[in-house]
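Since the structure is predicted, the reported quantities are computational estimates derived from the model, not experimental observations. Note: hydrogens, waters and symmetry copies are ignored here, and every other heavy atom, side chains too, is used. Chain identifiers are assigned alphabetically (A, B, ...) following the order of the sequence lines, protein sequences preceding nucleic acid strands; residue numbering begins at 1 within each chain.
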There are 2 protein chains.
Amino acid sequence: MYLNELPEREVQRKVNEYFQKADVILSDEEIQSIEVNDFGLNRLDEVGLQLFIYINTDRYCAKEWVLFPRQTCPEHLHPPVTDGDPGKEETFRVKFGTVYLYVEGEPTEHPKVQPPERDQEYFTAAHEIILTAGDQYTIPPNTRHWFQAGEAGAVTTEYSSPSTDEHDLFTHANI
Amino acid sequence: MYLNELPEREVQRKVNEYFQKADVILSDEEIQSIEVNDFGLNRLDEVGLQLFIYINTDRYCAKEWVLFPRQTCPEHLHPPVTDGDPGKEETFRVKFGTVYLYVEGEPTEHPKVQPPERDQEYFTAAHEIILTAGDQYTIPPNTRHWFQAGEAGAVTTEYSSPSTDEHDLFTHANI
Ligand SMILES: [Zn+2]
Ligand SMILES: [Zn+2]
């Protein structure tokens, strides 16, 4: 578990190397605000998501996120939070690398990637969407989804309605 | 008036050259959907805005726009449209070049750029904000603003609440 053992600053620096591949320009201060999220599983090499938040108001949100090679963002959904709110809607636009995205729907027969082996029971969405640089996909509110980067890692911009991470519902029993 | 005389396809191709400088990847189909807006003044070299819309739902919007060298986007504001809506809020994040942005507020004493000479009466916002690659600024709803690119042109991502361009109010009498 190599990434786990690095100080957060070091992981942020690595994330910024991916941002640079995609011509995403952050200030030193912004680099230090990159969020490194291991979802409490303490296995960052396998499970995690690193992100920089451009803006998150009560009206809209935009982020840039990095997955390290073969790293998985675990399955979750964004439920309705307030009356009349259908839940967070998010649009991914990949800037670098490949993202294997799985959403609810018709299961894909021969998926290109698998969730981390010991967590398989916590991954149910199986409709595959493969996104490479320049590809875009919008995930409807209240819909289970998870994603994994290919061998090169991935940089993706996420446009969305406001982010209220504390309301996200994860399938994993330990998240 | 060089740009005015080009077919739209040709202008779109030029816009895409700027996008490429900023590592913005569009498909051929997307390039053909780039909007070239001369605001009805028919002086695209001086006044205009070219943009690609990533997504515009009833919840959020994201665009990538290009200003050609010294081109000006004329002064406008985004008023409240529906009950309880304060008007469109927009966040600019510059990816390439320099944007000279002017918003309502304390006038800047020696502004770096001027509006096109014959339109000066239609430009009132005079508080200067200079944005270069990596810089970001959020324009509050219902606030007059205009902007001009530097010598190299500019590429900027705009994150915002939904876009309803037909409701924008321009200061210019002929827009
Ligand atoms: Zn999500
Ligand atoms: Zn505006």
query = If you take all heavy atoms of A/Ile25 and B/Ala133, which pair is closest and at what distance?
reply =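 Residues A/Ile25 and B/Ala133, closest heavy atoms: CD1-CB, 3.6 Å.
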ask   = Looking at A/Ile55 and B/Gln136, what are the two nearest heavy atoms and their distance?
value =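 In terms of heavy atoms, the two residues are closest at CB-NE2, 4.1 Å.
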ask   = Got a salt bridge between A/Glu64 and B/Lys95, using NZ or NE/NH1/NH2 to carboxylate O under 4.0 Å?
value =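 Salt bridge between A/Glu64 and B/Lys95, a charged N being under 4.0 Å from a carboxylate O: no.
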request  = Would you mind telling me which of B/Thr138, B/Val24, B/Val94, B/Thr57 has the largest number of heavy-atom pairs within less than 4.5 Å of chain A?
outcome  =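 When all of B/Thr138, B/Val24, B/Val94, B/Thr57 are compared, B/Thr57 has the most.
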State yes or no: do [X] and [Y] share one hydrophobic cluster built from I, L, V, M, F, W and Y residues joined by side-chain heavy-atom distances below 4.5 Å, directly or via other members?
{"X": "B/Val155", "Y": "B/Phe147", "value": "no"}
{"X": "A/Phe39", "Y": "A/Leu169", "value": "no"}
{"X": "B/Ile31", "Y": "B/Leu67", "value": "no"}
{"X": "A/Tyr159", "Y": "A/Trp65", "value": "no"}
{"X": "A/Tyr100", "Y": "A/Tyr137", "value": "no"}

inquiry  = Nearest 0.5 Å, please: how far is OH in A/Tyr60 from CD in B/Glu90?
reply    =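 Those atoms lie 7.5 Å apart.
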key: Distance (rounded to the nearest 0.5 Å) between B/Thr91 OG1 and A/Arg59 CZ   =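 So the gap between those two atoms works out to 10.5 Å.
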task = Could you tell me which portion of B/Glu89 (side chain, backbone, both or neither) has an atom closer than 4.5 angstrom to a non-hydrogen atom of chain A?
result =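 Contact with chain A: backbone and side chain both.
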query = Between the side chains of A/Tyr54 and B/Thr157, is a donor N or O closer than 3.5 angstrom to an acceptor N or O?
reply =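 There is no such pair between these side chains.
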request  = Using a cut-off of 6.0 Å, state whether more than 12 heavy atoms not belonging to A/Gln120 lie near its atom CD.
outcome  =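 Result for CD/A/Gln120: enclosed.
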